[in-house]
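This report refers to the structure that appears directly beneath it.
As a basis for the values below, the full set of heavy atoms in this structure was taken, side chains included, without hydrogen atoms, waters or symmetry mates.
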Amino acid sequence: MFKHLLKGVVLMSAVATTSLQAATRDVIIDTDPGADDVVALLLAMASPEDLNIRAITTVAGNVRLDKTSRNARLAREWAGREDIPVYAGAGRPLVRKPIYADDIHGREGLEGVKVHEPKQGLAQGNAVQYLVDTLSHAEPHSITLAMLGPQTNLALALIQKPEIAKSIKEVVVMGGAHFNGGNITPVAEFNLYADPHAAQVVLASGVKLTYVPLDLTHKVITSEARFKQLAAINNQASQRVVDILDAYVKHDMDLYGMPGGPVHDASVIAYLIKPELFSGRRAHLEVDSREGPTFGQTVVDWYAVLKRPANVLWLNEGDAQGFFDLLSERLARLQ
């Protein structure tokens, strides 16, 4: 009887392992680090059973491309994941004049920690061409793209070869604002404002789209207790995250009068790892690229008054403590 039970346990374990492996997502992370991007990258790279990171692609956004590319390689070095290639991509938006958020992220894109030139360099080639080549040879609906900055790289790849859209399983965008209002204008969130034309290209491609907007990220915020929770991990990774966030969240706390600050981009990675932490609604989205006060606005038909087909999943609720528990658990795996 004991042997029979033991065999059953082994079989159940094997089934669980197989299910876990089957649930692992092939992911490309497109990013413009940026403080919250670095936290997102550390969370992703500490989660290999959930995310098979094919590459990190960088784009100009929070700071210039040379600095976002360096910061992505720094995050890779800090996580001990030099196996992941980093490709530099677009240095400017499709149409509009470049803008940066160095007033929020600092001149180097990271405040609270010392930055240096990482030992390992960039991968050869351009991020846009990498996306075209990789998606051209991938199985249908097999690769997820986590978009943590302006969507310029993916838009350029789709313009060059529209048929690559069929290889994309899902595009998860950190960006947009509806109920919450904007953070760069009264109605626009920075990533969409930085390149609304690119967002329009991705939206028009027909890929499965999930948006992680300010409506959600402003509910998943730091607190004194959560800082203590992260600090208690007591390794280099957790200390870096505490130092980065301590410098980063002050702006939003002062601006919005919130008791804590958001970790925007890391919510995208948490959604990919534990989607049950989040909820929202499928809705019709349009992105405004007209010059004027609504430039970069994400117009969400939340109540379907236009009777147009839903084209995005718009997340607006999240389990804040569940997010910080996940972040703490994964940072504890790093050095």
Side-chain angles (χ1 to χ4, degrees), residues 9-31 33 37-58 72-73 75-87 123 127 130-148 153-154 157 164-174 207-212 220 237 241 263 265-280 313 315 318-319 322-335:
V9 170
V10 171
L11 285 172
M12 288 173 63
S13 176
V15 170
T17 301
T18 301
S19 298
L20 186 63
Q21 290 171 342
T24 304
R25 284 183 183 249
D26 273 7
V27 175
I28 297 169
I29 302 176
D30 192 85
T31 181
D37 304 72
V38 167
V39 178
L41 288 170
L42 292 175
L43 175 58
M45 289 186 285
S47 306
E49 74 275 32
D50 299 294
L51 305 176
N52 175 34
I53 305 172
R54 301 278 296 266
I56 297 167
T57 54
T58 61
R73 292 182 292 123
R76 177 181 66 177
E77 185 173 284
W78 290 337
R81 291 298 307 274
E82 282 86 355
D83 57 299
I84 301 170
V86 177
Y87 293 87
Y130 168 79
L131 289 173
V132 170
D133 293 343
T134 301
L135 294 170
S136 293
H137 296 97
E139 294 294 320
H141 309 297
S142 62
I143 297 180
T144 296
L145 278 90
M147 309 294 294
L148 309 184
N153 286 335
L154 180 55
I164 63 173
K166 69 179 185 299
S167 297
I168 297 175
K169 179 177 181 178
E170 183 178 11
V171 175
V172 185
V173 173
M174 191 284 120
V207 297
K208 181 182 178 183
L209 265 170
T210 297
Y211 264 68
V212 179
V220 181
V241 167
V263 196
D265 293 329
S267 291
V268 169
I269 304 303
Y271 167 76
L272 293 176
I273 297 170
K274 292 189 74 173
E276 63 270 22
L277 293 175
F278 304 95
S279 62
L313 172 61
L315 301 179
D319 179 349
F323 166 84
F324 281 95
D325 289 345
L326 175 64
L327 180 61
S328 300
E329 174 203 331
R330 299 305 165 92
L331 289 178
R333 300 174 173 185
L334 302 177
Q335 292 185 352

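Closest non-hydrogen pair, Arg330 versus Ser47, comes out as NH1-OG, 2.8 Å. The shortest heavy-atom contact between Leu148 and Ala40 is CD1-CB, 3.9 Å. In terms of heavy atoms, Ala270 sits closest to Phe323 at CB-CD1, 3.6 Å. Nearest heavy-atom pair across Ala138 and Ser167 is O-OG, 3.4 Å. Nearest heavy atoms, Leu42 versus Ala79: CD2-CB, 3.9 Å. Of all heavy-atom pairs between Ala123 and Pro85, the closest is CB-CB, 4.0 Å.
Taking CG of Leu315 as the start and CG of Leu313 as the end, the distance is 4.5 Å to the nearest 0.5 Å. Of the inter-residue distances, the one linking Thr134 atom OG1 with Arg54 atom CZ reads 6.0 Å to the nearest 0.5 angstrom. The distance from atom CG of Leu131 to atom OH of Tyr87, rounded to the nearest 0.5 Å, is 10.0 Å. A distance of 10.0 Å separates CD of Glu170 from CG of Leu145, quoted to the nearest 0.5 Å. Distance OG1/Thr144 to CD1/Ile29: 11.0 Å, rounded to 0.5 Å. Atom CG of Asp26 sits about 6.0 Å away from atom CD1 of Ile143, to the nearest 0.5 Å.
Between Asp325 and Asp319, every side-chain heavy-atom pair lies at or beyond the 4.5 Å cut-off. Lys208 has its side chain out of reach of Lys169: every pair of non-hydrogen atoms, C-beta onward, lies at least 4.5 Å apart. Residues Leu41 and Trp78 have side chains not in contact (no heavy-atom distance under 4.5 Å, counting atoms from C-beta outward). No side-chain heavy atom of Ile28 sits less than 4.5 Å from a side-chain heavy atom of Asp30. Side chains of Tyr271 and Met174 form no contact here, defined as non-hydrogen atoms less than 4.5 Å apart. Side-chain atoms of Leu154 and Ile168, non-hydrogen and from C-beta on, do get closer than 4.5 Å to each other.
At least one donor-acceptor pair closer than 3.5 Å links the side chain of Arg76 to the backbone N or O of Ile84.
Ionic pairing of Arg333 and Glu49 is present here: one or more N-O contacts between side-chain nitrogen and carboxylate oxygen are shorter than 4.0 angstrom.
The neighbour count for Gln335 CD, taken as heavy atoms of other residues, nucleotides or ligands under 6.0 Å away, does not exceed 12.
When Ile273, Ile53, Asn52, Leu272 are each tested for a side-chain contact (heavy atoms from CB on, under 4.5 Å) with Arg25, only one passes: Leu272.
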Next item on the list: Check the pair Val263 / Leu327 against side chain to side chain contact (heavy atoms under 4.5 Å, CB included), numbers first and verdict last.
Entry: CA-CA 11 Å; Val263 196; Leu327 180 61; 5.6 Å; no

